[in-house]
Amino acid sequence: MIKITLPDGSIREFPKGVTGYEIASSISEGLARNVLAAKVNGEVWDSTRPIENDATVQLLTWNDPEGKSTFWHSSAHLMAEAIEALYPNVQFGIGPPIENGFYYDIDLGEKQLSQDDFAAIEKKMLELTKEKSAFQRQPISKAEAIEYFTQKGDKYKLDLLKDLPDGSITFYHQGNFTDLCKGPHIPNTGFIKAAKLMNVAGAYWRGDEKSKQLTRVYAITFPKQKELTEYLERLEEAKKRDHRKLGKELELFAFSEKVGMGLPLWLPKGTLLRERLEQFMRKAQVKAGYSPVVTPHIGSKELYVTSGHYEKYGADSFQPIRTPNENEEFFLKPMNCPHHCEIYKTKPRSYRDLPLRLAEFGTVYRYEQSGELHGLTRVRGFTQDDAHIFCRPDQVKEEFTKVIDLVIYTFKTLGFEDYTAQISLRDPENKAKYIGSDELWEKAEQAIIEAAHEKNLTTVTELGEAAFYGPKLDFMVRDALGRKWQLGTIQVDYNLPERFQLEYNGSDNEKHRPVMIHRAPFGSLERFVAVLIEHCAGNFPLWLSPEQIAVLPISEKYHDYAQQVYDRLMQEDIRGYIDNRDEKIGRKIRDAEVKKVSYMLIVGEKEQENEIVSVRKHGEGDLGNMTVDLFVNHFKSIIAETFGQ
RNA sequence: GCCUCCAUAGCUCAGCUGGUAGAGCAACUGACUUGUAAUCAGUAGGUCGUUGGUUCGAUUCCGACUGGGGGCUCCA
């Protein structure tokens, strides 16, 4: 007998070789039916794999993230089986579970897979589930594994096998399909009740741009048909929040083929929104001791040779602009830091002057690969809420911490609760990608880790994600469709001060080198607005709303009074419009609701007589009558609450 | 940049297997003078993204280009 410790702490005895499934059966039949895998001493196993020694066991179902990923991993095998059955002689790359479903990278040879083929594959998958084929685990020697895939002619599996140590290799079989796989898997294919192929895409083998591009098939499966339906409905809902769709509908921004791809045009309403955000940040930065500066949109080639950006990005940038007579070269500025370094150098600095915090809403231009452009989140021209803090080495941590506070304050005011702080360090395997000495890097990385720790940020650490000049702390948020984007960023840089020979006089009357901190709480206004739109589904907080009010006269007779009300609100810096069309009030209200106008002020006979307005709030409905003064007070108190300054 | 899908009126879309286009909304005109999510009627609006080719004939089939979507690679 062996002792099995369950998650509730209870210890039960089972015969040696008991399986997760059998343990579940001993608890309840329902649980046994739903067990997808078992976590044995922290490792996820097949629920059918015998447990030979005392162990801590957690039974995993669809409700556990690891249960889901096991389910989807098995589904990837099922899809591969279906595809192999329909298109023989295909070769398989890898097929892992992902956040929502799974994919399989497949070399289909000449065959081009399209949406039209999806139905057939889905049908085949569901057909195969009816057979309830068990997923069978088979430990196998490396030689035999190589033999099998050589015979099958799957060069990708052979490529994978190259890196696997003999003795730890396992195959999994289900039905007529055999895959190199370390598992674990669900008991049998019968658990899968609904399958949907989502899309196909190209993906380079091993993520290497130089190797062959395989067809990546994305799909998702569920243990119940109903869950698939719900998932698809949620996706539809998310699409409604897409900033590209709302940006067009609410007339916030647009793109023009003639202007150029990735170059956003900010429409009047979008500009109003953006300017309010800028104003918010300006205020916060003044309070935090920043000095605004302005620098030009271009800079001479020499500036970027000095900064090192020319060497690193010169060939991949927008190519330089040349002056007609002297043939001097200027680059569109891809970042503001070199300009700010030159501002630092305009006069000798004392240790007493530091930290010097130079802030600029700097518009920068970067050549992004055409396939990478995406709405406002990835563009070729954008404005950073940039600043560079020049400080003494002993001030780095304090300054860094203050910036974290500013970022958190910003996110909180805008209602972003769901973000992750990512500590981006350099790739220890590939140090040649970065500039600067090991010693400086280690100091910088340490400063970030400590500051993040002191602020109790929940962080993830990513190796190889650092900027080429220094490590950074990035604040990541998700868009409506779950894609991750970097918003705020804070970066320590010991390198640029070196390259620009920045100095200050210390208390010892010696020359010292300052440290730079690059930071942008929004990151870029464009990306921030994109994520903000999706976050609030276009229903902006009142202080940001491009159309805060609409004055809606019941008929032409009340246009004068409506104008009076409107003028009064304008004086109070409240933005909106009057709807003077010859339409019924129901129509005016509907149009204002669709435009997501925060407040509708309806004026007719009784409002005019009593000098009041009838207030209707977007998405909520009629709030009743009040005087204009009372409305203004109500309005301002809401702004004070949400704006938080 | 690469793979793949897509491109019809200002917007959302219809137009089966080739015979030069239609709806709703928006716009404009007129009537209605309106009380909390769409008043009625009329008018106008498109070299069917661009460009080659196949064809007697192409919005429809094929190629290229441009732009967009999804992904890969990249992201100072």
Side-chain angles (χ1 to χ4, degrees), chain A residues 98 103 105 108 112-116 198-218 239 242 244-245 248-249 251 254-258 260-262 304 307-314 316-317 333-338 364-375 377-380 384 386 435 465-470 472 481 483 485-486 489 491 493 495-496 518 552-559 581-595 600-607 614-624:
Chain A
I98 51 176
Y103 66 78
D105 284 347
L108 289 151
Q112 286 191 343
L113 203 64
S114 77
Q115 308 256 338
D116 303 333
M198 301 306 291
N199 54 48
V200 283
Y204 301 105
W205 173 238
R206 302 217 155 187
D208 180 356
E209 216 171 337
K210 287 173 202 79
S211 34
K212 174 153 190 188
Q213 195 156 39
L214 307 179
T215 303
R216 177 169 295 179
V217 184
Y218 286 88
K239 277 187 194 154
D242 191 314
R244 291 164 299 185
K245 182 175 155 67
K248 189 187 262 185
E249 284 171 4
E251 298 177 9
F255 289 91
S256 148
E257 246 181 73
K258 240 177 201 146
M261 59 164 84
Y304 302 107
S307 71
H309 292 105
Y310 181 77
E311 192 193 348
K312 186 88 185 165
Y313 293 103
D316 301 322
S317 294
K333 74 174 169 188
M335 80 298 299
N336 305 296
C337 28
V364 297
Y365 299 88
R366 295 179 183 174
Y367 171 78
E368 304 285 2
Q369 297 185 88
S370 59
E372 219 13 86
L373 301 172
H374 182 93
T377 53
R378 190 81 183 265
V379 286
R380 284 179 168 174
Q384 299 174 308
D386 207 2
I435 57 177
E465 289 295 308
F468 76 94
Y469 52 72
K472 51 184 185 164
L481 296 171
R483 287 175 290 224
W485 297 98
Q486 174 204 309
T489 179
Q491 316 179 353
D493 183 356
N495 294 303
L496 271 191
H518 308 241
L552 311 179
I554 296 285
S555 81
E556 205 179 335
K557 286 186 269 181
Y558 314 108
H559 281 187
R581 293 174 305 165
D582 288 346
E583 292 290 349
K584 290 169 110 170
I585 194 65
R587 176 54 183 274
K588 294 182 183 182
I589 287 169
R590 185 190 139 78
D591 288 347
E593 288 282 356
V594 169
K595 283 198 265 188
M600 284 146 274
L601 304 178
I602 293 140
V603 296
E605 189 177 359
K606 64 175 188 269
E607 285 79 10
S614 178
V615 180
R616 181 188 164 103
K617 190 172 180 186
H618 169 64
E620 288 183 24
D622 199 351
L623 299 187

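Given the structure is predicted, the values throughout are model-derived calculations rather than measurements.
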Between [X] ([atom1]) and [N] ([atom2]), how many Å, whole number?
| X | N | atom1 | atom2 | answer |
| --- | --- | --- | --- | --- |
| Tyr103(A) | U4(B) | OH | C1' | 17 Å |
| Arg581(A) | A38(B) | CZ | C1' | 10 Å |
| Trp205(A) | C2(B) | CH2 | C1' | 18 Å |
| Arg216(A) | C2(B) | CZ | C1' | 13 Å |
| Arg380(A) | G68(B) | CZ | C1' | 14 Å |
| Ile589(A) | G35(B) | CD1 | C1' | 8 Å |
| Tyr218(A) | C3(B) | OH | C1' | 12 Å |
| Met261(A) | C65(B) | CE | P | 12 Å |

What distance, rounded to whole Å, do you find between the two [atom1] atoms, one in [N] and one in [M]?
| N | M | atom1 | value |
| --- | --- | --- | --- |
| A9(B) | G46(B) | C1' | 5 Å |
| U50(B) | G68(B) | C1' | 15 Å |
| U55(B) | G18(B) | P | 16 Å |
| A41(B) | U51(B) | C1' | 43 Å |
| C74(B) | G53(B) | P | 41 Å |
| U20(B) | C16(B) | P | 13 Å |
| A37(B) | G42(B) | C1' | 26 Å |
| G15(B) | C75(B) | C1' | 43 Å |

If you define the side chain from C-beta out and look only at heavy atoms, does anything of [X] sit under 4.5 Å from [Y]?
| X | Y | value |
| --- | --- | --- |
| Tyr218(A) | Val200(A) | no |
| His518(A) | Met335(A) | no |
| Leu113(A) | Val217(A) | yes |
| Arg590(A) | Lys595(A) | no |
| Tyr365(A) | Arg380(A) | no |

For [X], answer base if it contacts any base atom (sugar-phosphate contacts may also be present), sugar-phosphate if it contacts only those atoms, and nothing otherwise; contact means non-hydrogen atoms under 4.0 Å.
| X | result |
| --- | --- |
| Asp622(A) | base |
| Lys588(A) | nothing |
| Glu605(A) | base |
| Ile554(A) | base |

(request) Could you work out which one of G35(B), U33(B), U12(B) sits closest to the side chain of Lys248(A)? (result) U12(B)
(request) Would you indicate which nucleotide in G70(B), A38(B), U34(B) comes nearest to any side-chain atom of Arg483(A)? (result)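 Selected nucleotide (nearest to the side chain): G70(B).
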Can you sort out the partners of [X] under side chain to side chain donor-acceptor pair (under 3.5 Å), two or more places apart, ordered by chain and number?
| X | value |
| --- | --- |
| Lys245(A) | Glu249(A) |
| Arg581(A) | Asp579(A), Asp591(A) |
| Tyr304(A) | none |
| Asn336(A) | Lys333(A), Gln384(A), Asp386(A) |

Show which side-chain atoms of residues 616-624 of chain A pair as donor or acceptor with protein atoms under 3.5 Å away, not counting sequence neighbours.
unit_1, atom_1, unit_2, atom_2, d
Arg616(A), NE, Glu593(A), OE2, 2.8
Arg616(A), NH2, Glu593(A), OE2, 3.1
His618(A), ND1, Glu593(A), OE1, 3.0
His618(A), NE2, Asn539(A), OD1, 2.7
Asp622(A), OD1, Gly624(A), N, 2.9

(request) Report yes if at least one side-chain N or O of His374(A) is closer than 4.0 Å to OP1 or OP2 of G70(B); otherwise report no. (result) yes
(request) Check whether any side-chain nitrogen or oxygen of Ser370(A) sits under 4.0 Å from OP1 or OP2 of G1(B), and answer yes or no. (result)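 True: Ser370(A) side-chain N/O within range (under 4.0 Å) of G1(B) OP1/OP2.
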(request) Return yes if the base of G1(B) and the side-chain atoms of Gln213(A) contain a donor-acceptor N/O pair under 3.5 Å, otherwise no. (result) no
(request) Could you list the residues that satisfy ring pair (Phe, Tyr, Trp, His ring centres under 6.0 Å) with His309(A), not counting sequence neighbours? (result) Phe468(A)
(request) Please tell me which of Gly260(A) and Val594(A) maps to the more 5' nucleotide of RNA chain B, matching each residue to the nucleotide holding its nearest heavy atom. (result)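 Closest to the 5' end, via its nearest nucleotide, is Val594(A).
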(message) Return whichever of Tyr558(A) or Ala203(A) has its heavy-atom-nearest nucleotide of RNA chain B closer to the 5' end.
(response)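 Nearest nucleotide further toward 5': that of Tyr558(A).
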(message) According to salt bridge (charged side-chain N to carboxylate O under 4.0 Å, His left out), who are the partners of Glu368(A), at least two apart in sequence or on a separate chain?
(response)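 Partners of Glu368(A) under the salt bridge (charged side-chain N to carboxylate O under 4.0 Å, His left out) test: Arg378(A).
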Quick one: which protein N/O atoms are closer than 3.5 Å to N/O atoms of nucleotides 74-76 of chain B? Pair and distance per line, please.
unit_1, atom_1, unit_2, atom_2, d
C74(B), O2, Arg378(A), NH2, 2.9
C74(B), N3, Arg378(A), NH1, 3.2
C75(B), O2, Arg378(A), NE, 3.4
C75(B), O2, Arg378(A), NH1, 3.2
C75(B), O2, Arg378(A), NH2, 3.1

(message) Can you tell me how far apart CH2 (Trp205(A)) and NZ (Lys212(A)) are? Round to the nearest 0.5 Å.
(response) 12.5 Å
Please tabulate, one pair per line, each protein N/O and nucleotide N/O from nucleotides 5-8 of chain B that are separated by under 3.5 Å, including the distance.
none

(message) Tell me the closest heavy-atom pair linking Asp208(A) and Tyr204(A), and the distance in Å.
(response) O-CB, 3.1 Å
(request) Mind listing the closest non-hydrogen atom pair of Glu607(A) and Ile602(A) along with its distance? (result) CG-O, 3.5 Å
(request) Let me have a per-nucleotide readout for nucleotides 39-50 of chain B, 5' to 3', with B, S or -, counting only protein heavy atoms under 4.0 Å. (result) B-----------
(request) Would you sketch RNA chain B in dot-bracket for me? Only Watson-Crick or G-U wobble pairs with both distances under 3.5 Å count, crossing pairs as [ ], other-strand pairs as |, the rest as dots. (result) (((((((..((((.....[..)))).(((((.......))))).....(((((..]....))))))))))))....
(message) Please enumerate all residues that pass side-chain contact (heavy atoms from CB on, under 4.5 Å) together with Lys239(A), with sequence neighbours excluded.
(response) Glu236(A), Leu481(A)
